[in-house]
Amino acid sequence: MDIQSPLKIIQFIRGGELVSLANVPPSRTLLEVLREDLGLTGTKEGCGEGDCGACTVVLGQAEGGRMSYRAVNSCIKLAHSLDGQALWTVEDLVAADGSLHPAQEAMVQCHGSQCGFCTPGFVMSLFGMYQNYIAPTLPTACGSLPPEGAAAPADWQSQIRGPGLKGAGALAPKTNPITRELAQQDLSGNLCRCTGYRPILDAAQQMASLPPVKLDEASLLSKLELLAPTSHGLKTDLSYQAPRSLAALLEARAAHPEAQLVAGCTDVGLWVTKMHRQFDQVLDITQVQELRHVEHYPHHIAIGAAVTLSEAFAALVADRPQLQTFAARFAGLPVRNAGTLGGNVANGSPIGDSMPLLIALGASVVLMSVRAGQQVSREMPLEQLYTGYRKNLMAADEVLAWIKVPKPMLGEMLKVYKISKRYDDDISAVCLAVNLHVEDGKVVKTSIGAGGVAATPVRALQTEAALTGQPWALQTVQQAISILRAEFSPISDMRASGAYRSEVLGNLLQRFWLESQGLQQINLESFVLEEAA
Amino acid sequence: MNAREQAHNEGPVSRADNPSGPQLAVPPVTPPPGPQPPAHGAAGRSHKHESARAQVAGAATYVDDIAEVRGTLHAAPILSTVAHGRLRGVDTRAALAMPGVREVILAGDVPGDPLLATFVHDEPVFASSTVEHIGQVIGLVIAGSVMQARRAARRVLLDIDELPAILQVRDALKAENYVLPPVFVKRGDAAQALKSAPHTLSGQLEVGGQEHFYLEGQVAYVLPQEQNQWLVYSSTQHPGEVQHWVSHALGISNHAVRVECRRMGGGFGGKETQAGHLAVWAAIAANKLKCPVKLRLDRDDDFMVTGKRHPFAYDYSVGFDNSGRLHGLKLVMLANCGFSADLSGPVADRAIFHTDNAYFLEDVEIASYRCKTNTQSHTAFRGFGGPQGVVLIESILGDIARHLGLDPLDVRKHNLYGIDDRNVTHYQMKVEDNILAPLLSKLEQTSQYRRRREAISAWNAGSPVIKRGIAITPVKFGISFTATLFNQAGALVHVYTDGSVQVNHGGTEMGQGLNTKVAQIVADELGVAFEDVLATASDTSKIPNASATAASAGTDLNARAAQYAARNVRDNLAQFVSGLDNCGAGAVSFAGGKISSPKGSRPFPEVVRLAYANRIQLWSDGFYRTPKIHYDKTTLTGRPFYYFAYGAACTEVAIDTLTGESRVLKVDILHDVGTSINPAIDIGQIEGGFVQGMGWLTTEQLVWNDKGYLSTHAPSTYKIPATGDIPEHFKVDFWPEPNREDNVFGSKAVGEPPFMLAISVLEALKEAVAAARPGEVRLDAPATAENVLRALKA
């Protein structure tokens with residue numbers, strides 16, 4: 001491509017005002033645009049890989065006639081993906097009279113900043129929480145919200161919190177919707193090296209008690225409506241395409257098989273910042289309307305490839321509440337808010353945590369393409385997608401469109417275990433997902449997915465064979481444990497040694513057995529110290 | 001009411017028009033005796049960090065945020081890909097052909113000394129003939145943008161003949177490969193004491209290093225000025241050293257280089273010497289190209305280039321009696337220093353000084369080896385070797401207790417320094433301010449340690465998989481630079497004709513609240529409101545020859561110097577008012593924004609205007625040097641420390657015996673900050689230090705592969721604590737007594753000591769392991785799940 005030709009104009013709403021940017025190369029990150037092009041140095045670069053949260057900004061989109069808000073990492077977000085959305089950076093939260101937003105004021109009051117470098121990122125994550133949990137509880141004094149505005153949070157927000165919290169909309173205004181547990185979960189993608197976090201968690205809980213600040217959502221919605229659909233893009237510019245329909249996506253894919261396909265960009269972003277890759281053409285699937293939903297069928301759900309990890313996990317948790325903790329431990333919130341389940345699966349990293357789970361759930365993937373003018377699709381079990389380290393069966397013109405996950409069956413025993421150095425926002429050394437169906441004391445069906453033990457996410461077929469058809473009894477389990485330990489030859493790396501991985505794989509199956517026998521308080525994930533006060 | 005509650009308690013409103021509402025402020029935590037804050041003073045209250053409002057608004061400027069001067073170029077480092085080798089050639093052609101690239105800078109471009117002006121003078125500015133670790137900087141690529149420079153830096157081809165590399169500290173010992181000669185410290189007759197002791201234990205321990213992970217990576221921005229003068233913006237804890245290093249490398253006088261640092265996005269020791277490298281590199285490029293050059297390291301490069309906390313390995317033999325009292329200790333400490341000396345000498349010395357921690361070591365023999373390995377050159381990190389001393393003795397005492405079947409707290413208490421006897425350290429300093437016994441007893445009660453220990457033991461008996469453990473460990477940390485000459489500081493206080501006050505001092509602000517505390521002290525000295533005092537950027541042209549902001553001594557030194565500067569101005573004003581009101585200068589008082597004499601009060605600004613009109617000096621310098629300290633570097637004896645800071649923590653943990661995973665469940669801390677100048681800031685240091693120490697000992701694992709490549713070089717692989725690692729029960733109390741030495745406001749230093757409170761986490765983990773399989777426990781740090789499982793199986 002001739003990069004001298006004018007590139008597509010990026011348009012977004014920032015602080016209520018329309019911003020248009022021309023000539024932004026397709027591989028340029030949002031953080032580079034903010035700091036270097038717009039001089040907005042409040043947003044910081046801490047790591048350039050979406051792992052520290054110093055660069056967190058908040059995006060707003062119209063969804064079903066309401067605004068939805070997501071805190072995301074700007075360092076690994078391609079600037080073009082912002083097109084048509086609303087953006088807030090830390091500079092946007094201070095009112096014209098200089099007064100601070102509750103997200104900022106609470107941080108000041110609680111002594112939540114020391115060196116201050118992580119602070120803008122925390123403030124933006126807090127702002128995201130404010131919009132999602134506190135703003136909907138505020139009275140609609142200025143009439144800027146529709147009457148049902150109080151139920152604004154998308155379903156996933158209430159679902160992912162489990163039964164304890166019914167969703168912010170259901171709360172009485174005087175109840176503080178932000179518990180300490182919620183603050184810990186939603187801030188797990190923001191690192192602070194100074195404070196030890198306690199004052200920041202206090203700040204999260206204090207926001208609701210400060211004088212409220214409301215956004216004029218009606219005005220935002222109307223401004224966003226003017227931006228969509230993207231009519232301002234030059235038809236001739238192919239450097240960054242974000243088609244809005246599945247048909248357009250498949251056509252673009254067929255026409256430009258060399259274009260870099262991106263969804264949430266939470267891994268491809270690192271190819272740019274760390275591997276220094278530059279793309280002539282990017283094909284962004286996140287605006288494809290058909291793929292932005294989870295579809296519900298009698299026997300399965302179908303998760304579109306543009307569905308974020310947050311929303312995808314919410315759908316999985318809705319069917320299987322025991323997955324809630326695992327979902328919350330997957331990366332940090334800004335990554336879950338940007339990354340997609342489809343991207344995680346298509347990427348096929350051997351240490352990606354969603355695949356072992358999906359394999360155990362019996363998930364399949366649907367690959368789509370357009371050939372000879374016809375839409376073509378094929379479906380395969382997830383574990384068959386992978387052919388080697390980060391290699392898969394997808395043809396150059398194919399797109400991973402759907403992930404189909406069977407609904408739980410009666411009698412299903414499903415557990416997923418993750419071993420990592422850090423509890424939150426870490427990649428597994430070992431991940432084991434076990435799905436067992438026991439009838440009349442016999443194992444009738446087994447699916448076991450494992451991560452961190454081979455070059456791809458794998459299914460433990462030998463172990464499954466050792467279990468299936470056998471009585472669900474200690475002897476069977478002991479035998480399966482030794483088979484599971486021998487089934488893979490994991491490597492040693494910075495996360496763990498191969499020997500540890502093999503051993504723990506077996507021990508996790510033992511934990512599964514013990515839990516199936518009703519033992520409680522044997523997993524630190526759910527461990528509760530009764531007398532802790 | 002614990003200290004945190006006190007810090008959040010409403011206090012007097014210090015300024016009515018504060019837009020953020022009333023200041024949360026508290027009366028001083030400490031009751032009499034000791035220096036008392038003025039009735040309405042600024043010090044002793046939880047003033048917000050002076051930059052808090054700017055920080056939350058994204059308006060606080062860090063080096064990379066400074067608006068760039070036209071023509072600024074950007075640098076990226078060229079890194080060695082080999083741990084040890086002869087560098088035969090550097091092919092820059094492909095890099096120079098890349099878009100935007102202007103120049104490649106190599107060792108030959110250094111106009112001054114090709115060696116950095118480090119203490120030992122053993123480190124090249126740029127590697128030229130040999131490379132000594134993967135990540136060593138060979139040169140820079142200079143380009144129009146950061147990414148252009150970084151892309152091109154990877155296109156530089158290095159021709160390196162590999163040489164055998166020493167990567168393990170024990171291999172370095174075997175090869176007698178040292179950055180500095182070994183040091184031996186001895187008191188009594190350890191060998192005889194071991195021989196006659198009723199019990200002995202011997203063992204090994206390894207404790208890993210730690211990456212600083214300051215959120216703001218290393219950065220320097222160098223601007224050529226007229227007549228071969230230089231302005232350097234550096235994120236540094238030591239502007240004076242940056243100035244010295246840059247002038248040394250450029251071959252010019254110190255006076256031609258001005259270094260400024262408004263604030264750092266975290267330092268933790270990592271920007272004490274390491275910031276100097278960046279500034280020198282950028283300066284050499286700026287010198288060659290005659291234009292401004294900025295060097296900001298990518299996070300991965302920062303990991304690869306800069307030094308960490310020293311990893312340590314130990315061999316020890318210890319003798320003790322039936323009560324667990326120590327009878328003799330023989331210890332070999334191996335400090336893994338990396339490829340050059342840097343600060344390894346004083347770091348390893350401090351490890352020796354803190355091998356006693358809180359305990360009397362009567363017959364002791366310590367051999368300290370400063371081992372050279374082909375890795376990054378390890379450097380200062382909060383505690384500066386102290387943690388590596390303390391962790392060893394705590395580990396030994398825990399094992400002694402487990403060996404004898406005693407409560408580790410009893411063994412610890414039994415070995416504490418005495419008041420009238422057993423009170424001289426192994427480096428011949430008398431411990432005069434010992435509060436260890438009452439401090440431990442108080443924490444033992446408030447944390448309900450004994451009751452909980454029993455309950456945990458009973459609970460463990462019925463828990464097949466999860467085991468819990470609890471431990472109390474104390475800290476006694478020596479305050480002062482062990483190099484006596486560094487214990488000096490200067491400050492300037494300017495009063496302007498509107499009555500506003502500006503203070504500048506030689507310390508640097510890295511988030512620890514130094515500027516806030518200094519402003520509080522100055523405000524009280526002049527009797528003005530905290531908000532009327534502005535602390536400005538550290539600047540070598542304002543305060544020369546300032547020491548690093550390190551050794552926890554930032555406030556002790558700089559707030560005192562600032563207090564003296566303010567006192568000089570105050571004396572001038574008092575003299576002036578005494579003339580006006582015909583009274584003695586001693587009868588003039590400064591408080592509440594007013595200057596009062598027996599004749600009446602005038603607002604501070606009014607007196608200042610009058611004084612100016614009468615040609616009275618309204619600004620002054622102040623200088624402070626720490627009294628009483630002296631230290632013989634050759635024998636490692638004397639009084640290296642002005643005083644000790646004390647503390648103790650009680651930590652409860654749980655482990656999973658199937659996987660080795662662990663969680664910290666409850667933490668209670670009792671810590672000694674003397675009379676707190678700012679309770680909220682001190683709590684921030686205690687909590688933050690504890691959590692950072694917890695990271696060092698649990699999740700933060702540095703892994704070098706068999707080629708010497710650091711494979712944990714980003715937050716994706718190197719895991720500092722996150723929000724979910726903090727226990728819900730995390731309680732901090734202050735010890736209610738002022739510093740017994742005459743220190744500013746009666747306070748004590750607080751930066752480093754709390755870091756070592758986290759050793760209670762490691763000891764609690766060992767107790768949990770022992771609950772699963774009794775006896776001594778070898779648990780190397782960090783206690784990752786894998787290491788805990790290994791300890792369980794041992």
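Letters A, B, ... are given to chains in the order of the sequence lines, protein chains preceding strands, and every chain is numbered from 1. No experiment lies behind these values; they were computed from the predicted model shown.
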With respect to chain B, which residue among A:L187, A:D426, A:T89, A:V94 yields the maximal number of heavy-atom pairs within a distance under 4.5 Å? A:D426
Name the region of A:D92, side chain, backbone, both or neither, that has any atom closer than 4.5 Å to a heavy atom of chain B. neither
Residues which pass ring-ring contact (aromatic ring centres under 6.0 Å, His included) with B:F303, listed by chain and number, not counting sequence neighbours: B:Y718
B:L789, part contacting chain A, at a heavy-atom distance under 4.5 Å: side chain
Any idea which of B:E68, B:R154, B:M264 has the most non-hydrogen atom pairs under 4.5 angstrom with chain A? B:R154
Apply side chain to side chain contact (heavy atoms under 4.5 Å, CB included) to B:L215 and A:C52, showing your working. CA-CA 8 Å; B:L215 262 287; A:C52 79; 4.0 Å; yes
Minimum-distance pair of heavy atoms, taken over all atoms of A:Q104 and B:V56: NE2-O, 2.9 Å
Is there side-chain contact between A:L191 and B:K719, with heavy atoms separated by less than 4.5 Å? no
Does any backbone or side-chain atom of A:R501 lie under 4.5 Å from a heavy atom of chain B? Answer side chain, backbone, both or neither. neither
Could you check whether atom CD of A:Q520 has more than 12 heavy atoms from other residues, nucleotides or ligands sitting under 6.0 Å from it? no
Salt-bridged, B:D64 to A:K44, with N to O below 4.0 Å? no
Does any part of the side chain of A:C194, heavy atoms only, come nearer than 4.5 Å to the side chain of B:Q692, both counted from C-beta? no
Ring of A:Y423, cation from B:R663 - is the NZ or CZ under 6.0 Å from the centre and inside 45° of the axis? yes
Considering only heavy atoms and a distance below 4.5 Å, find which of B:V465, B:L658, B:V691 pairs most often with chain A. B:L658
Once you round to the nearest 0.5 Å, how far does CD of A:Q114 lie from CD of B:E509? 9.5 Å
Does either side chain, that of B:S716 or that of A:E49, offer a donor lying less than 3.5 Å from an acceptor on the other one? yes
Taking all heavy atoms of B:R299 and all of A:G46, pick out the closest pair and write down the distance. NE-O, 2.8 Å
Using non-hydrogen atoms and a 4.5 Å limit, figure out which bit of A:L514 sits close to chain B: side chain, backbone, both or neither. side chain
Distance alone, cut at 3.5 Å: any donor-acceptor contact between the side chains of A:T195 and B:E687? no
Among A:H101, A:K274, A:E36, A:Q521, which has the most heavy-atom pairs under 4.5 Å with chain B? A:K274
At a heavy-atom separation under 4.5 Å, does B:W459 approach chain A through its side chain, its backbone, both, or neither? side chain
Residue part contacting chain A, namely of B:I686, when any heavy atom lies under 4.5 Å: neither
Salt bridge or not between B:E700 and A:R422? Use side-chain N to carboxylate O under 4.0 Å. no
Run A:Q278 and B:R151 through side chain to side chain contact (heavy atoms under 4.5 Å, CB included) and show every step you take. CA-CA 10 Å; A:Q278 292 174 285; B:R151 283 183 205 114; 3.3 Å; yes
Below 4.5 Å, heavy atoms only, C-beta onward: do B:K48 and A:Q109 meet side chain to side chain? yes
Most chain B-contacting option - heavy-atom pairs closer than 4.5 Å, from A:G42, A:G196, A:C115, A:C47: A:C115
Test side chain to side chain contact (heavy atoms under 4.5 Å, CB included) on A:L529 and B:E728 and set out the steps. CA-CA 11 Å; A:L529 182 61; B:E728 183 158 1; over 6 Å; no
Part of A:Y417 lying under 4.5 Å from any heavy atom of chain B: neither
In terms of side-chain geometry, is the basic nitrogen of A:R511 or B:E661 positioned less than 4.0 Å from the acidic oxygen of its partner? yes
At a heavy-atom separation under 4.5 Å, does B:S51 approach chain A through its side chain, its backbone, both, or neither? neither
Do B:K793 and A:E503 come within less than 4.5 Å of each other through their side chains, counting heavy atoms only? yes
All heavy atoms of B:P464 vs all of A:L519, minimum pair found to be CG-CD2, 3.8 Å
Considering only heavy atoms, which portion of B:V703 lies under 4.5 Å from any heavy atom of chain A: side chain, backbone, both, or neither? side chain
Contacting moiety of B:P782, where chain A heavy atoms sit under 4.5 Å: neither
Are a donor atom and an acceptor atom from the side chains of A:Q184 and B:T723 found within less than 3.5 Å of each other? no
Note: B:P721 and A:R193 closest approach over all heavy atoms is CD-NH1, 4.0 Å
Output for pair (A:D493 CG, B:T717 OG1), nearest 0.5 Å, gives 9.5 Å
Starting at OH of A:Y500, measure out to CZ of B:R790 and round the result to the nearest 0.5 Å. 10.5 Å
Counting only non-hydrogen atoms closer than 4.5 Å, does B:A722 touch chain A with its backbone (N, CA, C, O), its side chain (CB onward), both, or neither? both
Less than 4.5 Å apart, any side-chain heavy atom of A:H111 and any of B:H49? no
Considering only heavy atoms and a distance below 4.5 Å, find which of B:A60, B:A654, B:G217 pairs most often with chain A. B:A654
Please look at A:L210 and chain B and tell me whether the side chain, the backbone, both or neither of the residue comes under 4.5 angstrom of a heavy atom of that chain. neither
Gap between atom CZ of A:F527 and atom CG of B:D656 - 0.5 Å precision: 10.5 Å
Contact check, side chains of A:V504 and B:E786, non-hydrogen atoms, under 4.5 Å: no
Toward chain A, the part of B:M147 with a non-hydrogen atom under 4.5 Å: side chain
Quick one: CZ on B:F730 to CZ on A:R198, what's the gap to the nearest 0.5 Å? 8.0 Å
Nearest 0.5 Å, what's the OG1-CG distance between B:T659 and A:L432? 12.5 Å
Could you look at A:L40 and say if it's the side chain, the backbone, both or neither that has a heavy atom under 4.5 Å from chain B? neither
Can B:R296 and A:E45 be counted as an ion pair, charged N to O under 4.0 angstrom? yes
Counting heavy-atom pairs under 4.5 Å to chain B, which of A:T41, A:I419, A:I427 comes out on top? A:T41
Under a 4.5 Å heavy-atom cut-off, does chain B meet the side chain of A:V528, its backbone, both or neither? neither
Please look at B:F690 and chain A and tell me whether the side chain, the backbone, both or neither of the residue comes under 4.5 angstrom of a heavy atom of that chain. neither
Considering only heavy atoms, which portion of A:S492 lies under 4.5 Å from any heavy atom of chain B: side chain, backbone, both, or neither? neither
With chain B as the partner, which of A:E91, A:R180, A:M107 has the greatest number of non-hydrogen pairs under 4.5 Å? A:R180
Can you name the residues that form a side chain to side chain contact (heavy atoms under 4.5 Å, CB included) with B:D301, not counting sequence neighbours? B:P77, B:L79, B:L297, B:D298
